[in-house]
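Step one of this worksheet: look at the structure below.
Reckoned from all heavy atoms, side chains included, excluding hydrogens, waters and symmetry mates.
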Amino acid sequence: SSFEFDKLQMVKSQLANASFKPEEVVLILQGLKYDQSRLDFLTVLIEKQPELKANEAQFMACIDYELSKQQLKNIFLK
């Protein structure tokens, strides 16, 4: 939906100006409705803050589907 797209664009735009704590990332992931949106956000986030790879398990818990979890593992391997 366009609302989901708007939320995703908003959080991605915040990445340019801010660093996120793991707890904040979890809240953002929980606020997004679709795994694809979560994966898009995490892809950009991990590029900017690679130190958050240490929180993979915490973020993995926010992903609904097994296929998406596999995609997330690939993001963390980059």
Cluster overlap Phe20 with Leu72, hydrophobic side-chain contacts below 4.5 Å:
yes
Salt bridge or not between Asp64 and Arg38? Use side-chain N to carboxylate O under 4.0 Å.
yes
Got a donor-acceptor contact below 3.5 angstrom from the Lys12 side chain to the Phe41 backbone?
no
Let's go through Asn55 and Val25 carefully: what are the C-alpha distance in whole Å and the side-chain angles of both, what is the deciding distance for side chain to side chain contact (heavy atoms under 4.5 Å, CB included) to 0.1 Å, and is it a yes or a no?
CA-CA 10 Å; Asn55 302 91; Val25 174; over 6 Å; no
I'd like to know if the side chain of Lys53 and the backbone of Lys78 have a donor-acceptor N/O pair within less than 3.5 Å.
yes
In Å and rounded to the nearest 0.5 Å, what is the CG to NZ distance from Leu8 to Lys33?
14.5 Å
Looking at Lys69, I want to see if its NZ is surrounded by more than 12 non-hydrogen atoms of other residues, nucleotides or ligands under 6.0 Å.
yes
Taking Lys7 first and then Glu4, would you say they form a salt bridge - that is, a charged N and a carboxylate O separated by under 4.0 Å?
yes
Is there a chain of hydrophobic side chains (I, L, V, M, F, W, Y, each step under 4.5 Å between heavy atoms) that links Leu45 to Tyr34?
no
Any chance you could measure Tyr65, atom OH, to Leu39, atom CG, to the nearest 0.5 Å?
12.5 Å
Does Gln58 reach the main-chain N or O of Val26 with its side chain, forming a donor-acceptor pair under 3.5 Å?
no
Closest non-hydrogen atoms of Ser68 and Asp35, given as atom of the first, atom of the second and distance, are OG-OD2, 3.0 Å
In this structure, SG of Cys62 is separated from CG of Leu27 (nearest 0.5 Å) by 8.5 Å
Does one side chain, of Gln36 or Asp40, offer a donor that lies under 3.5 Å from an acceptor on the other?
yes
Any side-chain heavy-atom pair of Leu29 and Leu42 under 4.5 Å
yes
Is it the case that one hydrophobic cluster holds both Val44 and Met60, taking links as side-chain heavy atoms less than 4.5 Å apart, direct or via other members?
yes
Where the side chain of Glu24 meets the backbone of Lys21, is there a donor-acceptor pair that is under 3.5 Å apart?
yes
Inter-residue atom distance Lys73.NZ - Ile63.CD1, 0.5 Å rounding
12.0 Å
